Amino acid sequence: MKTVIKFILKIVAIVVVVVVLLLVTATALLNTQSVQDDLVKYATEQLELKLGTRVKIDHAGVNLFAQKVNLEGLEVEDQEHRKMLELKQLRVDVDLLKLITREVVVEEVLLDGVSAKLYKPKDGPANYQFLIDAFKKDPKQQKPKTEKKDSAQKSPMALDIKAVAIKNIALTFNDTNQVSLESAKYEDTWLSKPSGKLTNLKGKWGYVKKKGPVTATFAIGSIEYKGENTIHHFNLDQVRFTTDNHKPRKNHDRPKRGFFDVGHIDVTAKMDLTLDFYSKDSIHAVMNNMVARDSVTGFNVKNMHFGVGILKDRLHLDHIMLQQETTVLKFDSANVVLPSKKQGRKFSFETSRIKGTTQLRDISRPFAPVLKNFAMPLELDVLFSGNDSSLYFKDVHVYTADKRLQIAADGRILHLKEKELLDVGFHVKEMKAQRGIPIEIINQFTVKKMMMNQLDALGTIYFTGDFSVLWKKEIFGGNLRTDVGSLAFNFTLDEKTKYVSGSVRSNKIRLGKVLKMPKVEDVGAQASFIIDIHKARTAMIRKKNGGGKLPIGEVKATVYEAGYGGFRLKNMQVEFASNGTLAEGSVSHTKKMMDWDCTFSFTDVDKMSDLKVKPKMKLKLGNLFKTKKEYADDEAKKAKEKPKKDNVFTRLFKKKDKDKDKEKK
């Protein structure tokens, strides 16, 4: 029995020795340069046969003792014999013994000098499509799925990468789209916590919009990463994003328009971000601080922070704070629905109440240069929502800290993507402006100050109404209540013709107090007007007439009732026109037995007490024996036959016609 056992042990020992000798021999052969060169040559030939193109590998080696895999000088051509992929070096240090326990432990990965040039023509396949097709699994060769799988198939191999170093990456797509990376490092060893750094990541790409091609670029100077347990911290520095549509800015030769133009963006930023949770379906992160500036448009975000959570098709923001030069806005939350063409879902959002303090000059350079001196602090409180084509402002409250100005309104901006259909509209539910505030607001603008005394005489102003900003047109209307009376008005500013026109109606207003004319008492009237606001045109008219500061326009009014020096007059017609230097007008009152009328003129609205008046009176004794019907018929007939009196506008246009006739002759 002992002899048999000794014999068996001897046989086993011999087998083990033979196996060990074979393994050592195979390992030694595999680690010789000649064997590895032969393997590289064989692998290269097989790849060329499979891909149908040229493949080059300068060197490939496997060091089983040091457990390293090294690949150098890889080149792959596309089927047009253009260099499609180049790789200078790939080195992987892997723990081979861990493979036995279905673990892939990579101690270090070095990737250096990767260059790829990819093309995708409009009328053909991409130059890399043959690679995808070559390594695509044949459906016929795939094993049928079984309901039961063994434990080895159920548990995937674990992957643990300790360190990664990437250098000199350059990718090009269709020549114009480019991405490059100088370096990136990542370490996660037992000696230190996970950390990494990315340096000089740049990109450039082009796309075509309806109005032409646009080029966009981005650059990130560095991204530093530090990890601890489930917390991942990122610091982004020297971030830059630009767009260029290769056209002049929208405000070129248009000084009234702001610098903001999506075709010309140049933003630099810094960001400090913490990722504190992520899973397959959700992410939560905190933007600790973001600073962003566009030196051309004037955007200057000094500080912005918020929390953000993403769950499938929803995005939730919380604890949002935005600070500009003099603007600070805060709100608790915002919910965003992310768009999906596949699921037919459109972008939309809504916020909680946004509260803060602002000075409108912060948005002057990008949007409205006219606000560049608007330094009056305003408090803001609003609910904000919208989608990809519309914005809505609900329950808006704007007021000064001392409450001398208070505005409550609702508003909307429709058709954001179609400027010809753009519709900005607000309904002012109530506005209160105490005496002095309107003048303070006007003084925030660099404009000619006209009729400021008359404005101050109105006292506290209350307003309810609407205004709309349409394509090259603004429309305003509503009811105004003041200390001297109330009036309803509407007017339109036509950006094409550069005229303001509209109408005003009041049942009772103390016009004498407004104009500082004590003899003029309460007036009830309605009027229509048209005023020229074209700078070049009005300057030409004033120059021709010797200067002046008056508005240029025409007013026609019907006075229901008016008091003057103790007398009460009813149903008068008032007309006057101004040429910028002189305003001329007339007041007429027609009765059956007498016509009363007077003409007046003035050159300064602040000196209406110097008004020059020439009264006229005409008795109509011939109407003494006419019936009311006969008198009315005669007056209607005279009105038709009466030649129309030229006002400042008709005289101006007639002169233009005469000048054109002279030029033709």
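None of these values were measured; they are calculated from a predicted model.
Side-chain atoms of D362 come within 3.5 Å of backbone N or O of T326 as a donor-acceptor pair. Side-chain atoms of T538 come within 3.5 Å of backbone N or O of H534 as a donor-acceptor pair. Although no hydrogens or angles enter the test, the distance criterion places a donor-acceptor pair under 3.5 Å between the side chain of S352 and the main chain of S333. A donor-acceptor contact shorter than 3.5 Å links the side chain of D483 to the backbone of T460. In terms of modelled atom types and a separation under 3.5 Å, the side chain of S282 and the main chain of S279 share no donor-acceptor contact. For the pair N490 (side chain) and G478 (backbone), a donor-acceptor distance under 3.5 Å is absent. Between the side chain of N387 and the backbone N or O of S389 there is at least one donor-acceptor pair closer than 3.5 Å. Distance alone, capped at 3.5 Å, is enough to place a donor-acceptor pair between the R345 side chain and the L338 backbone. In this structure, K516 contributes its side chain and A457 its backbone to no donor-acceptor pair below 3.5 Å. Under a 3.5 Å cut-off, the side chain of Q444 and the backbone N or O of A375 do form a donor-acceptor pair.
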- Message: I'd like to know whether I552 forms a side-chain contact (heavy atoms from CB on, under 4.5 Å) with R542, so could you lay out the CA-CA distance, the side-chain angles of the two residues, the decisive distance to 0.1 Å, and finally the verdict.
- Response: CA-CA 9 Å; I552 297 177; R542 287 193 179 96; 4.2 Å; yes
- Please assess D272 against H233 for the test side-chain hydrogen bond (donor to acceptor under 3.5 Å, both in side chains), listing each intermediate value before the final yes or no. CA-CA 8 Å; D272 187 84; H233 185 80; 3.0 Å; yes
- Message: For a side-chain hydrogen bond (donor to acceptor under 3.5 Å, both in side chains) check, start with the C-alpha distance between N174 and T176, then their side-chain angles and the critical distance, and finish with the verdict.
- Response: CA-CA 6 Å; N174 285 353; T176 57; over 6 Å; no
- Give the intermediate values and the outcome of salt bridge (charged side-chain N to carboxylate O under 4.0 Å, His left out) for residues K193 and D188. CA-CA 6 Å; K193 296 175 181 178; D188 183 10; over 6 Å; no
- Item | Audit row: H246, T215, side-chain hydrogen bond (donor to acceptor under 3.5 Å, both in side chains) steps and yes/no | CA-CA 8 Å; H246 311 287; T215 302; 2.9 Å; yes
- Message: Using the rule given for salt bridge (charged side-chain N to carboxylate O under 4.0 Å, His left out), can you reason through D532 versus R537, listing the C-alpha separation, both sets of side-chain angles and the distance that settles it, and then say yes or no?
- Response: CA-CA 8 Å; D532 192 343; R537 192 165 58 212; 2.8 Å; yes
- Passes side-chain hydrogen bond (donor to acceptor under 3.5 Å, both in side chains), S468 versus D466? Steps please. CA-CA 7 Å; S468 298; D466 301 270; over 6 Å; no
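Between P369 and G258, the shortest heavy-atom distance links the atoms CD-N, 3.6 Å. Between T400 and P377, the shortest heavy-atom distance links the atoms CG2-O, 4.1 Å. Closest of all the heavy-atom pairs between R481 and S486 is CG-OG, 3.5 Å. Between A334 and I320, the shortest heavy-atom distance links the atoms N-CD1, 4.2 Å. Nearest heavy atoms, R249 versus F259: NH1-O, 2.7 Å. Heavy-atom minimum distance, L422 versus L416: CD1-CA, 4.3 Å.
Between F349 and F347, the ring planes are tilted. Angles from 30° to 60° get that label. The aromatic rings of F426 and F467 sit parallel, their planes meeting at an angle under 30°, below the 60° perpendicular limit. Ring geometry for F476 against F491 counts as parallel: the plane angle stays under 30°, on a 0 to 90° scale with 60° as the upper cut.
Looking only at side-chain heavy atoms (C-beta outward), V337 and D313 stay at 4.5 Å or farther from each other. For the pair L198/L181, a side-chain contact is recorded, criterion being any heavy-atom separation below 4.5 Å from C-beta on. Using a 4.5 Å cut-off on side-chain heavy atoms (C-beta onward), V555 and F576 make contact. Side-chain contact check for T230 versus Y278: every heavy-atom pair is 4.5 Å or farther apart. Contact check for T274 versus H232: no side-chain heavy atoms found under the 4.5 Å cut-off. With a 4.5 Å cut-off on side-chain heavy atoms, I439 and L455 count as touching.
The side chain to side chain donor-acceptor pair (under 3.5 Å) search around T497 returns none, not counting sequence neighbours.
Between D395 and R353, at least one side-chain nitrogen of the basic residue sits less than 4.0 Å from a carboxylate oxygen of the acidic one, meeting the salt-bridge criterion. Comment: R412 engages D423 in a salt bridge, judged by a side-chain N to carboxylate O separation of less than 4.0 angstrom. Remark: D456 engages R435 in a salt bridge, criterion side-chain N to carboxylate O under 4.0 Å. Between R240 and D266 there is a salt bridge, with a side-chain nitrogen of the basic residue lying less than 4.0 Å from a carboxylate oxygen of the acidic one. A salt bridge does not link D410 to K394: none of the charged side-chain nitrogens sits closer than 4.0 Å to a carboxylate oxygen. E495 has no carboxylate O lying under 4.0 Å from a charged side-chain N of K473, or vice versa, which leaves the two without a salt bridge. Between E440 and R404 there is a salt bridge, with a side-chain nitrogen of the basic residue lying less than 4.0 Å from a carboxylate oxygen of the acidic one.
Judged purely by distance below 3.5 Å, without hydrogens or angles, the side chains of T357 and E379 pair a donor atom with an acceptor atom. Between the side chains of N300 and E325, a donor-acceptor pair is found at a separation under 3.5 Å.
Ring to ring, H319 and F331 are not that close: their centroids are 6.0 angstrom or more apart. Ring to ring, F384 and Y392 are not that close: their centroids are 6.0 angstrom or more apart.
Note that CZ of F277 and CD1 of I310 are 12.5 Å apart. Values are rounded to the nearest 0.5 Å. Here L378 contributes atom CG and I441 contributes atom CD1; the two are 7.5 Å apart, rounded to the nearest 0.5 Å. The distance from the CG atom of L493 to the CD atom of E474 is 5.0 Å, given to the nearest 0.5 Å. Taking NZ from K346 and NZ from K341, the interatomic distance works out to 12.0 Å, rounded to the nearest 0.5 Å. One finds the NE2 atom of H305 at 14.0 Å from the CG atom of L273 (value rounded to the nearest 0.5 Å). S501 contributes atom OG, which lies 9.5 Å from atom CD1 of I531 (distance to the nearest 0.5 angstrom).
By the 6.0 Å contact criterion, CD on Q323 is enclosed, its count of non-hydrogen atoms from other residues, nucleotides or ligands being greater than 12. Dense packing is recorded around OH of Y207, with more than 12 heavy atoms of other residues, nucleotides or ligands lying under 6.0 Å away. The environment of K185 atom NZ is sparse: at most 12 non-hydrogen atoms of other residues, nucleotides or ligands sit within 6.0 angstrom. When the shell of 6.0 Å around CZ of F234 is examined, it contains more than 12 heavy atoms from other residues, nucleotides or ligands.
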